[in-house]
Amino acid sequence: MEFQILDVDYVMVNERPVLRIFGKDMEGKSVCGFYEGFLPYFYAASDDINESLEGLPSIHGVEKVKRTLPMGYQEPRDVWKITLKNPAKTVEVREALKKKGISTYEADILFKYRWMNDSDIGGMRWISTKESNGINTTSVSAQRLVQMKEFEIIDTEEDAPLRYLAFDIETVGKNEGSMPDSETDPVALISLVFSDDYRRTKSIILSTRPGDGIEALSSEKDMLIRFMEIINEYDADVLTGFNIVGYDLPYILKRMEKNNIRPVFGRCKTKSVRDDVFAGRHKITITGRIIADSFSMIKKGWNLKRYGLDFVSKALIGEEKKDVKKSEIGKFWRGSQEKYQILADYCLQDSILALKLLTKLDLMDKYIALSKISGSLLNDVLEGGESQRIENYYLKVFNKEGFIIPSKNNEQIAERTNGNGDDESKDLKGGFVIEPKKGLHSMVLVLDFKSMYPSLIRTYNICPTTLLIGNENVEHITTPNGSMFVKPGVRRGVIPSILENLMEERSKVKKMVRNADEKTRKMLDLKQFAIKTLANAFYGYFGYTRAKIYNVAIASSVTAFGRETIHSTVKAMEEDFGYEVVYGDTDSVMIKVPTESMEEAEKIGKDIGKKMTERLPGIMELEFEKLFKRFLPLTKKRYMGWSMFRDKTGEWKDDIVMKGIETVRRDWCELTGETMKEIIEIILKKNDTKAAVSYFKDVVKGLLDGDVDLEKLVITKTLTRRPEKYAGVQPHVEVVKKMEKRNDMDLPGVGDRIGYVIVKGMELLSKRAEDPNFVRENGLSIDSKYYIDNQLLPPLERIFTAIGISRDELLGAGKQMGLFEVISNSKNICAEPVTKGKLSDVNGFICMSCGMKTARPPLSGKCSCGGSLKFSTPEGPVSVAVS
DNA sequence: TATTCGCGGGG
DNA sequence: GTGTACGCGAATA
C-alpha cells in the first residue's frame, strides 16, 4: 500500500517507542502506519562516559564512534553515541551530562524527526509498504492500519485528496461591551462546513438555542462533545477557519476543560489536543490532522490594509460579508428568533468564507511544496519558523557526511539576544546600497546577481566545516573581513554542496516548466519557488541569534564578499563599459542606456550581463533582469519604476514597481493611496511633471471646495476598550464619546471599527474627529488643511521633491511665477526664438541627457545630471540658450 | 536618534 | 514534547 505522510508521532508500547505515521492514500482513505524497533540516540564528547552515565535512566547502550564536529575545519574524532530506551528521558540524561561539563550533540532532535531524517522520510512524501493484518490497537482512528516492517520512499509529486473542515464559533460576553472570557462565558454557536459531504450534508450549525437549520443541544457540554464527534466521524485531514489558532481553538479547549471534557479529536484516541501558550502565542497540537488557519496564511502572503475576514474576503475573492457588529452579538443571541437566525447565519458564513479562501486562493499549495522540499511536516511548515526548516534539512546532510551538530545552547542564545557579553551580531554588516542619482531617469537597465548569497557561499566554499579557527597550515582563502575558509580541494563545505544540489535541482525544474501542461506547470513552479526559498534562507540562518550554528564570521563573510562584488561591478560598469550607474542595492545595479528602443536596451543588458559574468569569480553570474522605462529614486531603499519585461510568451508587459513606498497604510484614508497611485502613474508613464502637479492641485482644490466624497476621507481604528478606559486622547475614542453624549442610534461597542473624519474647528485635532454620518446629516465642513498636511503631503512631498518640485510650488504659496517670468528673471537663461511652437505652449523644461522634466530650470541652467535643458512643448523640445 | 509601548485577528 | 520564541508604527525618552 502507498500513502502520503501528513503527520508523525510516537507512543510508548511495552516500554518501547512505536512511531506512528499518519497519512492518506490516493483514494482518500486515512492511513496509520506503525514502525517499531527504532531507538532514540544522541552524542556526547568526553574522554570517558560510563562513569558519567551511572545512575541515569533509560540508557540502552553506549558506543564509541568517529564523527566530525562542524564548527571549524577539523578532523573526525571519537565521540560517544548514547542510545536510550525512551525518547522522553533524553532531556534528563542530556542535562545531567551538561552539569558534568560534557557537551552533547543532537540531544534536542525531536524523536519523530530523528527517525524521519535517518530514514530519508519527509513531510508530504509518499511511502510504500506491505499490507499487514491483525493490528492490535484501538488507540488510532484511521481507515487503514498497517504494520511497517520494511518500507520505501516513492518519488512522486502527486497529492492525495484531502478532506477539509472549516469551523467558527460565536461567543457572548456576560457584561456588555467587552470580549467574552473563556473562563466564564460559554460557546453560543459552532458552525462546521465540509469540503466533502458529511452524512449528505455540507454544513452543520450547533447551538444550545433551537432554530431553523440548527442542531440544538441541551447544554454547552453536549455541544462540545458533539463538535468532537463530528470531527472524528468526518475524519478531517485539515482543520481550518479564520484565526482558529489565535481564538476559536484556545476558546473551545478552555471550555472543554471547564466542562470536564477531555479534548480528543485528533487521530489518536488517547492523546488530548493540546494548547501551549508561548510568548503570547498559541500552539495547538492535534495528532494526525493539519491545522491550516486561513488568517495566518493570508497575513503572511498578502500585504493588505486590514486583515479582518470581511475586508480579506472582499479584497481577495470578491465576497461581500453580511456583517453583524461585534459588540451586538449579545443582543442577537438573546434577541428575537429572527435576530437569532441572523446570528446563526453569520456564524455559518464565517466558516464558509474561511474555507473558500483556502480553496479559491490555493493557500495550501505553497506550504505543501515547502514541506516536500524541506522535509519538515506540513504542520511545522504552516506554523512558520524558517530556521527550524533549515536545521532539519541540513541535519540530514551533515549526518550523511559524518558530521554531528551541537545541541542548542540556551545560555548562549540568551546572551546573544539581550546583547550582553560580546555581542557580535552588531558587527554583522549587510549589503551595500549605492547612493541613488537624483531625478527621473529614462531607460534604466536592472542587472542583478543570480542568487547572490547562495552563489557566494558556493564560490568561496563558505561553511562552518571549512572555517579555519586556528592558524592551520592548509590551503585557504581569506575573506574581505579577515576570516579564512579552506579551499574545496582540502574539504568541500557541506553547505556549499547543499546549495549546489538545490540550485541544480531548481534549474532542472525551471527547464521542465517550459514544456509542461497547465497543471504540472503550476506544481513545478511552486516547487522551484520552494527550492529558491530554502536556498536563500541559509545565509540568514548563520546570522540568526537563535540558530544552533550561529556564526557571525560566516554571515559577515558572505555580505563582505557581496559588497566587494557589487563595488567591482559598479566600477566595471562605469569605467570599462561606460555606463552611468544610477542606483544599486546588495545584489543589483541599475544603469542608464542611451537608447529609446526596448529591444536594443534588452540586447545591451544581456550583453553586459554576459561580459561581466565572464570576469566574475566562481559561479557568480550577473544577468539582465528587466528594463525601467522610467525610474525615480527617492532615497536609498525607496524608489519607483515603470518596468518593462517579457512574459512567458515573449510579449512585452509593463508594470509599476514600488520599493519602500507604501500606498496602503492602515492610518491613511482612501484618498491618500488613490492620489499617490495616480500621481505616480502620471510621473512614470506620461513623464509629465506639470500634469502631476496639476492633478495634485485638483485634489487639493476638491478638498478646499468640499467636493471630495466623504467616504474617501474616512480613517478607521478599532475601539479596544471602553472609551473612559483610554489614557490619552485618541480621535476614534473621542468620536464614540460624542456619539454616546448625543445618544446616537447604533452606538459602537468594544471591538467595533470606528470610522471618522476630521472636521474644522479650534479644538485639539483628536477632539475634531467626527462620525461621517453625523457630518453628512449636519453639513459640517471637513478640515481640508488636516487632510492636505497630514494625509496628502507627507507621502507626496517626498515624491515631488524627487522630481524637483518644492512644497511651495505644490501649494502655490506666494505668487506663482509664469514660465515667461521665470525665463526673464533668470540670469543664466534666455530663450531662443521659438520656432516649432508658441511660448505659451511651453510646459516646462526637459533635460536632453536624462530626459527629466522640471517646471522651472535650476539656477545653474543645467539639469542636476549635468545635461543641457530645452523647452518642453507639445511639439517636442525647443532650444534654450545659456548665456 | 534610539528605545519602549500598544495592537492586530477573534466575540 | 529530545520543543517553541511576532512585527511594525507611534509615542516617548
Side-chain angles (χ1 to χ4, degrees), chain A residues 9-11 17 39-42 58 82 84 86-95 104-115 168-174 176-182 185-189 241-251 271 274 276-283 285 287 293-296 298-300 304-312 324-330 332-333 343 346-347 350 354 380 383-385 387-388 391 407-408 410 413-414 417 544-546 662 665-668 717-721 726-728 730 749-753:
Chain A
D9 80 342
Y10 79 92
V11 278
L39 289 176
Y41 63 86
F42 67 92
S58 197
I82 300 162
L84 302 184
N86 184 350
K89 297 291 179 200
T90 313
V91 179
E92 196 181 332
V93 179
R94 182 229 291 156
E95 292 308 310
T104 63
Y105 295 81
E106 303 181 9
D108 52 3
I109 312 294
L110 261 38
F111 184 58
K112 60 184 174 191
Y113 277 117
R114 165 59 74 208
W115 174 72
D168 177 53
I169 63 171
E170 301 304 322
T171 58
V172 180
K174 256 197 300 299
E176 206 72 46
S178 63
M179 276 292 271
D181 180 358
S182 58
D185 303 324
V187 175
L189 283 144
F242 204 76
N243 201 21
I244 49 170
V245 175
Y247 190 77
D248 303 59
L249 279 168
Y251 203 103
K271 279 190 186 175
R274 316 172 44 99
D276 296 297
V277 190
F278 212 87
R281 295 203 113 55
H282 295 271
K283 177 178 178 358
T285 315
T287 307
D293 193 326
S294 309
F295 164 67
S296 57
I298 287 166
K299 200 158 180 226
K300 268 184 246 161
L304 301 174
K305 197 165 169 178
R306 294 201 305 273
Y307 292 91
L309 181 54
D310 49 349
F311 189 88
V312 163
V324 172
K325 265 211 218 149
K326 302 282 192 192
S327 63
E328 288 181 355
I329 286 177
F332 281 77
W333 169 243
L343 182 63
Y346 168 83
C347 177
D350 282 7
D380 295 329
E383 255 177 67
S387 65
Q388 195 193 7
E391 277 170 355
S407 308
K408 191 165 265 183
N410 285 314
I413 290 172
T417 355
Y544 173 55
T545 44
R546 312 189 102 90
E662 287 186 293
R665 261 178 61 168
R666 59 174 77 235
D667 52 347
W668 282 347
K717 231 172 167 198
T718 307
L719 191 71
T720 53
R721 59 193 101 141
Y726 280 85
Q730 286 193 49
V750 175
D752 292 342
R753 286 199 76 82

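A note on names: the letters A, B, ... follow the listed sequences, proteins ahead of strands, and every chain is numbered from 1. FYI, side chains are in, hydrogens and waters are out, and symmetry mates aren't considered; it's all heavy atoms of this structure.
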Using 4.0 Å as the upper bound for N to carboxylate O, is an ion pair formed by A/Lys283 and A/Asp276?
no
Which part of the nucleic acid does [X] contact within heavy-atom distance under 4.0 Å: base, sugar-phosphate only, or nothing?
X: A/Ile109; result: base
X: A/Val91; result: sugar-phosphate
X: A/Ile244; result: nothing
X: A/Ser296; result: nothing
X: A/Tyr113; result: nothing
X: A/Arg546; result: base
X: A/Glu106; result: base
X: A/Leu84; result: nothing
X: A/Asp168; result: sugar-phosphate
X: A/Asp248; result: nothing
X: A/Asp350; result: sugar-phosphate
X: A/Arg666; result: sugar-phosphate

Quick check for you: to the nearest 0.5 Å, what is the distance between A/Asn410 atom CG and A/Arg546 atom CZ?
8.5 Å
Please determine, for the side chain of [X], which listed nucleotide ([options]) has the closest atom?
X: A/Glu662; options: C/dG9, C/dG3, C/dC6; answer: C/dG9
X: A/Thr720; options: B/dC7, C/dG3, C/dC6; answer: B/dC7
X: A/Phe278; options: B/dG9, C/dG3, C/dA5; answer: C/dA5
X: A/Asn243; options: C/dC6, C/dT2, B/dG10; answer: B/dG10
X: A/Asn410; options: C/dG3, C/dA5, B/dG10; answer: C/dA5
X: A/Leu110; options: B/dC7, C/dG1, B/dG10; answer: C/dG1
X: A/Tyr10; options: C/dG3, C/dG9, C/dT2; answer: C/dT2
X: A/Ala279; options: C/dT2, B/dG9, C/dC6; answer: C/dC6
X: A/Tyr726; options: B/dC7, C/dT2, C/dT4; answer: B/dC7

With a cut-off of less than 4.0 Å, is there a side-chain N or O of [X] near OP1 or OP2 of [N]?
X: A/Lys408; N: C/dT4; result: yes
X: A/Arg721; N: B/dC7; result: yes
X: A/Arg753; N: B/dG8; result: no

Can you tell me how far C1' of C/dC8 sits from OH of A/Tyr307, to the nearest Å?
11 Å
Evaluation steps, side chain to side chain donor-acceptor pair (under 3.5 Å), between A/Asp752 and A/Ser327
CA-CA 6 Å; A/Asp752 292 342; A/Ser327 63; 2.6 Å; yes
Expressed in whole Å, how much space separates the C1' atoms belonging to C/dA5 and B/dG10?
22 Å
State, with a plain yes or no, whether a side-chain heavy atom of A/Asp248 is found less than 4.5 Å away from one of A/Phe242.
no
